[in-house]
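So you know, we letter chains A, B, ... as the sequences are listed, proteins then strands, and number each from 1. Below, all heavy atoms of this structure are taken into account, side chains as well, without hydrogens, waters or symmetry copies.
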Amino acid sequence: MAGTQQDITNAITLKGSAQLVSEFFYFGINSILYQRGIYPPDSFTFKQQYGLTLYTTTDPAVKGFLDDILAQIKEWLEGGEVQRLVLVVANVDTKEVLERWDFMVQQEPGVTPQDTKEGKGGSKDLKLIQKEMRDVIRQITACVTFLPLLDCACSFDLQVYTHKDTQASEKWMESPPCFIANSQEVRLKSFSTSIQKVDTCVSYKMDD
Amino acid sequence: MDASPDPTMVFTDLKDLHMFLGSSRTSVNRPGWEARRLDFSAASRDSSTLSLPSPNASSLARGQKRHHDSLVGFDVTKKIREKDSEIINTRATVTRLQGRLHEVEVTHKKAKLEADAEIRTLQYRQRRDKELIDDLQCKLKKMLKGKEEGRESVKSARAQWDTANLEAGARVNKMQQTYLEESAKMQEKINDLQEQVTHLEEEVAEKTSKVTLAESHTEVLEARLVEVQEKHRRAEESQAQGEEQKRQLNQALSRVRDLELQQEGFKEAQKQQEVLEAAMFKLPSLEKELAKLKENNKFLRDTSRNTQLMEEKLTSALQQVNYLEKRCEDRASHQAKAEMYKESLDRFECIVEEEFGLGRRGTPEDLQGHLRQLRKGDQVLTDSLGQLRASYKSLEDGRNQEVVELNLLKTKLQKQEHMTQHQAGQNKRFNRRLLLVSKERDSLKGILNSYESEATINYSVVGQDRVRGLEGQVKLYRQEVERLNVELQEACSSTTSPAAAAAVSSQRMEDAKKITGLEEKVQSLEEQMGGIRQEKEVLELRLEHRALKGDYDPTKTKVLHFKDNPHARALENRKSQIEKLQTENESLQQRVRLLEQGETLNLTQRVGVRVAAESHKEVVELQEKVSRQERQNKRLMEAFQRKAREMREIVYRLTGYRVDSCGEKQYKLIHMYAESPDDYFLFEHTPAKEIQLLETEFSNTIDDLIDAYLRHENSYPAFLSAVTLDLFNRQTKYQAQSTSEEEEEEEEEEEEVDDRKGNKRGDQKGQKPDDDDDDDDDDDDDACVILD
């Protein structure tokens with residue numbers, strides 16, 4: 001009995017993994033928005049997550065946008081459609097892309113689609129996964145130290161890289177990839193739910 | 001030994017016994033000695049006993065020895081030993097005493113140290129006490145001083161008190177005396193008053209008696225009064241008659257007085273006549289003097305007029321100077337501002353010239369146009385850059401595909417080569433096998449032939465045939481071996497046989513060439529492969545890098561984003577804002593243009609407010625100026641009014657005429673001595689600058705004067721003076737008779753005033769008509785003031 005219970009508690013299904021990853025996206029994106037000062041600090045409230053005090057937006061427009069987009073991303077994650085999620089920070093005046101925060105989602109090699117369909121899951125401890133997520137968010141926070149100052153009116157956009165044949169609702173539209181011409185990339189830590197692996201990377205415009 | 005003991009021995013034994021007994025006694029005393037050890041005095045007391053015990057302690061052990069000694073006769077040695085023991089004892093005591101002494105010294109030192117410490121503390125205390133004592137003494141002194149002072153003050157106060165007491169006593173005495181005196185006086189007065197009262201009471205009594213008498217008397221008198229009244233009526237009638245007579249008398253007297261006055265007037269006239277006759281003699285000389293004086297007067301008047309003019313001019317000039325100075329200051333500040341603006345403009349122009357190469361004559365519109373062009377160019381460039389990027393991306397993708405194809409082809413090529421080599425080897429093997437198989441076939445054919453030849457099966461024959469076949473085979477093999485040996489030999493003796501060797505060597509050379517060629521090929525291919533691998537790695541790295549940058553395979557993936565994302569919203573907001581601002585800007589520019597053209601009427605109030613905000617400073621300055629000017633004007637007006645009022649008052653008081661303007665260039669003159677306010681003159685100032693007297697009710701009454709002065713002499717001053725005199729005479733009929741000298745003086749004054757008035761008229765004629773208008777207004781204002 002004890003053994004089976006242990007198995008159940010440690011098992012992570014694809015759905016659970018998608019839930020974890022989308023949750024991570026929510027906090028990661030909020031952290032970036034707060035740390036990079038894209039929205040004023042007084043439009044954020046703090047919340048305990050992953051053993052950290054994280055800031056989440058209270059702006060209804062932003063919150064609604066994130067909720068909508070992450071719900072869809074969660075669905076796609078469950079279907080294994082998402083290849084990467086990109087947060088693009090762009091100058092409003094010049095439309096120039098100043099920063100890209102890439103979250104590259106990969107299926108872990110040992111997990112076959114058959115397994116996931118059958119509801120078999122990984123055996124990674126939830127605490128360990130959350131620790132890895134915490135490390136990534138800490139790194140995101142630390143990135144402020146070397147990223148160039150955003151001294152202009154900026155806004156953000158979220159892009160999802162999906163399979164070519166992914167079905168999307170009318171709210172979605174195809175977008176050109178937002179590249180930074182003269183960019184510097186910094187790889188951050190990655191985390192894995194034992195089903196999906198998320199690599200994080202920030203690229204920013206080099207100062208001329 | 002001997003039966004009889006030696007007598008000495010007995011003695012010594014006895015002594016020993018004694019000694020033993022003594023030692024036992026002393027040994028009893030020992031603990032006490034131990035206890036008393038610290039007691040110095042006790043120790044010294046016991047010293048006598050202490051010296052003894054130690055020899056006694058060993059007495060038992062030594063008894064026998066002594067016994068022997070005594071037997072031998074060694075008394076001396078015994079004594080010596082005793083002495084020694086004594087010495088030892090004494091030494092021990094000495095050491096003990098020294099120890100004690102040391103202890104005592106130590107204790108002494110301790111005691112001393114303690115004592116020293118105590119002494120120090122005591123000294124310290126003493127010092128403190130001394131200080132305390134000093135302080136207390138000082139305080140005591142101060143207290144004593146204070147006490148003495150207090151005593152002195154008390155003494156002085158007492159002395160003062162005493163004196164005051166004495167004075168007070170004296171005063172009290174005085175007061176008592178005065179009081180006594182006063183009381184005595186009062187008493188006397190009271191007595192007097194009482195006497196008076198009594199007296200008055202008596203009088204009252206008398207009076208009452210008199211009153212009674214008088215009452216009776218009045219009754220009598222009343223009766224008489226009636227009679228008297230009757231008499232009085234009669235008397236009144238007679239008095240009225242007398243009064244009428246008196247009136248007649250007074251009238252007669254007044255007539256007499258008039259006549260007397262007339263007589264006096266005649267007499268005075270006579271006197272005047274005489275005086276005038278005397279003066280007539282002096283007249284020519286006086287006339288001369290008069291002429292001179294008149295000239296002088298004229299000159300002085302001219303000069304005074306000139307000075308007045310000059311003063312007016314001076315004041316106006318001063319005002320102008322002040323105004324000009326202010327203007328100068330303003331101009332300096334404006335110039336400074338203008339220079340600053342010029343400098344900034346120059347700088348802007350320089351910048352424009354440097355940056356855009358428009359030249360110094362470039363207008364802002366040019367600059368704007370240039371900027372617009374630059375923006376357009378920028379946009380075009382960014383567009384082209386995007387296109388280039390897209391094309392670059394597609395090219396890169398094509399290249400990648402080509403590289404992949406190239407790799408595939410190379411691997412195919414390698415496989416093909418491999419196959420060819422393999423097949424060549426196989427070919428050889430097949431050839432050999434073919435050979436062997438053909439031989440086997442031959443042998444099998446032989447066997448078959450043998451089968452065919454022999455109908456029956458004979459195993460031995462078959463075996464023999466087989467053996468033969470096998471032998472043939474062996475032969476063949478042998479032949480083959482031989483051939484191979486020959487070949488070997490040939491190969492060995494390739495040098496000996498040049499033709500064969502040459503053939504072999506050529507074959508070998510070919511082989512070697514082939515081999516080397518192949519090796520080279522292999523090497524080159526390997527190199528190529530290495531290069532391609534490196535390239536592949538590089539390309540993989542690049543791919544990864546590009547993936548990091550966000551690149552993706554458009555054939556497999558697509559990029560999706562929410563239509564309603566924050567960036568799009570922000571962009572829209574910005575766009576609408578910019579459009580709004582642009583429209584606003586355009587409207588404002590138009591307004592500015594309108595303003596520059598000077599069309600201020602059509603502008604809305606808002607624009608006016610904005611303009612005011614922009615040129616607020618200027619407006620404030622101008623407002624200040626305006627207010628200053630207004631204030632100045634007000635002050636001038638006030639001063640002018642005051643001056644005019646003064647002037648008119650002076651004129652009124654000197655000439656007796658109040659001049660009011662009524663209507664267009666008409667002046668109303670009312671005289672000080674006019675009998676009614678309706679008595680006035682009306683003068684008109686004609687356009688030909690002549691003065692005309694208009695007809696009024698009053699002017700009709702003085703036709704004679706008009707006739708005399710205006711028709712004949714045509715002199716307004718003389719006419720007015722005559723009127724003045726006439727009115728004056730009428731008003732002061734009675735006073736005129738008082739003195740003739742006063743009249744003369746007045747006449748002189750009037751003449752002067754008339755002259756001045758005439759001059760003033762002249763001035764007025766000289767002045768411009770505008771000034772007259774101003775005066776008119778002022779006069780209107782002043783009319784009421786003077787009437788008050």
Select, from [options], the one with the greatest count of heavy-atom pairs under 4.5 Å involving chain B.
options	answer
Ile69(A), Val86(A), Asp93(A)	Asp93(A)
Gln159(A), Glu174(A), Met173(A)	Met173(A)
Ile180(A), Ile38(A), Asp199(A), Thr166(A)	Thr166(A)
Val92(A), Thr162(A), Val202(A)	Thr162(A)

Hey, is the main chain of [Y] close enough, under 3.5 Å, to the side chain of [X] for a donor-acceptor pair?
X	Y	value
Ser17(A)	Thr13(A)	no
Asn30(A)	Tyr26(A)	yes
Thr141(A)	Ile137(A)	yes
Ser524(B)	Glu520(B)	yes

Any salt bridge between [X] and [Y], counting N to O under 4.0 Å?
X	Y	answer
Glu99(A)	Arg36(A)	yes
Arg100(A)	Asp102(A)	yes
Lys205(A)	Glu96(A)	yes
Glu540(B)	Arg533(B)	no

Considering only heavy atoms, which portion of [X] lies under 4.5 Å from any heavy atom of chain B: side chain, backbone, both, or neither?
X	answer
Tyr204(A)	neither
Trp101(A)	neither
Ala90(A)	both

(message) One pair to check against ring-ring contact (aromatic ring centres under 6.0 Å, His included): Tyr39(A) and Tyr34(A). What are the steps and the verdict?
(response) CA-CA 7 Å; Tyr39(A) 289 95; Tyr34(A) 175 76; over 10 Å; no

(request) Taking all heavy atoms of Arg574(B) and all of Ala153(A), pick out the closest pair and write down the distance. (result)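 Arg574(B) and Ala153(A) have their closest heavy atoms at NH2-CB, 3.6 Å.
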
(request) Tell me, out of Asn573(B), Leu571(B), Thr382(B), who's got the most heavy-atom pairs with chain A below 4.5 Å. (result)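 The option with the most such pairs is Leu571(B).
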
(request) Residue by residue, scan residues 45-68 of chain A and write down, ordered by number, those that have a heavy-atom distance under 4.5 Å to chain B; if none do, write 'none'. (result)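 Result: Ala61(A), Phe65(A), Asp68(A).
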
